[in-house]
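Just so it is clear: chains get the letters A, B, ... in the order the sequence lines come, proteins before strands, and each one is counted from 1. Because the structure is predicted, anything quoted here is derived from the model rather than measured.
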There are 2 protein chains.
Amino acid sequence: MRLSTKSRYGLRALFDMAYNAGNLPIQVKEISRRQNISPRYLEQIFQRFKKAGILKSKKGPQGGYFLAKRPEEITVQAVMEAAEGDTLLVACTCDNTGEGELCELDGNCVTQQVWKEAADLLHDYFSGLNLKTLCERGQALGLKRESNHKFMYYI
Amino acid sequence: MRLSTKSRYGLRALFDMAYNAGNLPIQVKEISRRQNISPRYLEQIFQRFKKAGILKSKKGPQGGYFLAKRPEEITVQAVMEAAEGDTLLVACTCDNTGEGELCELDGNCVTQQVWKEAADLLHDYFSGLNLKTLCERGQALGLKRESNHKFMYYI
DNA sequence: GTAGTTCCTGAGTTTGTTTGTCAAGTTTAT
DNA sequence: ATAAACTTGACAAACAAACTCAGGAACTAC
């Protein structure tokens, strides 16, 4: 039950954007440098976020990605769903490959309840968190913002 | 974030044992038939449970696996840890491959908090459930027990 | 038209799942 | 006692899926 890197990297990257960039387009290159994530891989993750309506993009110089909504409108739950794709939070409603019926027939699926309740637990928790929440936490922790980073290297 | 089949199959199998077999040794073959799980794979999972002190085994005819403790002493949490091995519940305390320090340096790990809290949530939930709990649930659902199943095929 | 980006497709590597083979131990029947 | 049948135990090969990364095409600003 490992959390995929898509979620971990993805959330870290989005937090980074909300915390450091605000609304401005920022390049994958920048984020990957700050967060130490493979740029190419991060691009893929961002594609998912784009399809999910979390990010928008702009090509060309001065281009990059930027948040499609306000930070408080982007929940961690939405990020998870976009990143993991299958939207299976904990994974099993006992229908892995159409074996769902069999589970019902057997009736032996108390475990299904367990996974369902666990998934709900996570769902509720993740739904209560959004990028704004995370930014506030970051500020509470005293995390440094790397603002105007673009210009630092041009002088 | 998919729950590995080791956990799903494993818990289902253990529940099956507690519910149907009681203390008697039961064969992998039987469980895999009832639960529709690949027998060889289930054996591997049971080896983990054996090492974790959840199951014991007996070879030869009339042999099989049986619970090493009473059902109420086997928590779902313990099953998860035994099945998943790495004991990583949600996976990331940000030290995937010794990159932990880097996360601290960056200080950009608000996400670490999030995963930690989510993991704790699951840990608490799973620790509150055990095989006896599940059996009671099964009974409440009116699941049929397949008792004396051995003899049914010998007449 | 040139440089800086995102976007699309694919390939290599790892991990998870399944199946196969044979050895070791136990019970039962002869 | 001895053989036969049954069951776990250990190892490894085959198969599938997912993770990770790379190359080049498409687009946009200047």
So, A:K116 and A:D120, do they make that salt bridge, N to O below 4.0 Å?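 Looking at A:D120 together with A:K116, the answer is yes, because their closest N to O distance falls below 4.0 Å.
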Counting only side-chain heavy atoms from C-beta out, which of C:dC7, C:dT17, D:dC19 sits nearest to A:S57?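 Minimum distance to the A:S57 side chain belongs to C:dC7.
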From the list C:dT19, C:dT5, D:dG23, which nucleotide is the closest neighbour of the side chain of A:R40?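 Nucleotide nearest to A:R40's side chain: D:dG23.
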Categorize B:F46 for me: base, sugar-phosphate, or nothing, with a 4.0 angstrom heavy-atom threshold over every strand shown.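 It contacts nothing in the nucleic acid.
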Just checking A:K50: base, sugar-phosphate only, or nothing, at a heavy-atom cut-off of under 4.0 Å?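 Contact class for A:K50: sugar-phosphate only.
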Presence of donor-acceptor pair under 3.5 Å, side chain of B:Q27 and base of D:dC6: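 Donor-acceptor pair under 3.5 Å: no.
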Taking only side-chain nitrogens and oxygens of [X], does any of them come within less than 4.0 Å of OP1 or OP2 of [N]?
X	N	value
B:T5	C:dG16	no
B:S4	C:dT17	yes
B:Y9	C:dG16	no
A:Y65	C:dC7	yes

Using whole Å, what does the distance between atom [atom2] of nucleotide [N] and atom [atom1] of [X] come to?
X	N	atom1	atom2	value
A:L42	D:dA22	CG	C1'	15 Å
A:L24	C:dT5	CG	P	14 Å
A:I45	C:dT6	CD1	P	14 Å
A:E84	D:dA18	CD	C1'	11 Å
B:E43	C:dA23	CD	C1'	13 Å
B:Q47	D:dC11	CD	P	11 Å
B:I31	D:dT7	CD1	C1'	13 Å
B:E30	D:dT8	CD	P	11 Å

Strictly under 3.5 Å: I want the nitrogen or oxygen pairs between protein and nucleotides 12-15 of chain D, one per line.
{"from": "D:dA12", "atom 1": "N6", "to": "B:Q44", "atom 2": "NE2", "distance (Å)": "3.4"}

N/O contacts under 3.5 Å, protein versus nucleotides 27-30 of chain D?
{"from": "D:dC27", "atom 1": "O4'", "to": "A:K59", "atom 2": "NZ", "distance (Å)": "3.4"}

Test item: A:Q27 side-chain N/O and A:G63 main-chain N/O as donor-acceptor pair under 3.5 Å: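 Side chain of A:Q27 to backbone of A:G63, a donor-acceptor pair under 3.5 Å: yes, one is there.
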Backbone of A:R70 reached by a side-chain donor or acceptor of A:E73 within 3.5 Å: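 Indeed, once roles are kept as given, a pair shorter than 3.5 Å links the two residues.
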Pairwise side-chain contact, B:R12 with B:Y9, heavy-atom cut-off 4.5 Å (strictly under):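 Yes - at least one pair of side-chain heavy atoms lies under 4.5 Å apart.
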B:R34 CZ to B:N36 CG distance, which is reported to the nearest 0.5 Å: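 Rounded to the nearest 0.5 Å, the CZ-CG separation comes to 13.0 Å.
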Looking at residues at least two apart in the chain, or sitting in another chain, which of them share a side chain to side chain contact (heavy atoms under 4.5 Å, CB included) with A:K51?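 For A:K51, no residue satisfies side chain to side chain contact (heavy atoms under 4.5 Å, CB included) once neighbours in sequence are set aside.
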Please check if any side-chain donor atom of B:Y65 sits under 3.5 Å from a side-chain acceptor atom of B:E43, or the reverse.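 The answer is no; no qualifying pair exists.
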Among side-chain atoms of B:T133 and B:N130, is any donor-acceptor pair under 3.5 angstrom?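 Yes - a donor-acceptor pair under 3.5 Å links their side chains.
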For A:L67, run the side-chain contact (heavy atoms from CB on, under 4.5 Å) check against A:L55, A:I26, A:L24 and tell me which one passes.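 Testing each of A:L55, A:I26, A:L24 against A:L67, the sole residue satisfying side-chain contact (heavy atoms from CB on, under 4.5 Å) is A:L55.
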Using the rule that two of Ile, Leu, Val, Met, Phe, Trp, Tyr join whenever any of their side-chain heavy atoms come within less than 4.5 Å, decide whether A:L11 and A:L143 are in one cluster.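 Looking at the clustering, A:L143 is in the same group as A:L11.
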Take A:G63 and A:K51, find for each the nucleotide of DNA chain C with the closest heavy atom, and name the residue whose nucleotide sits nearer the 5' end.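 The residue mapped nearer the 5' terminus is A:G63.
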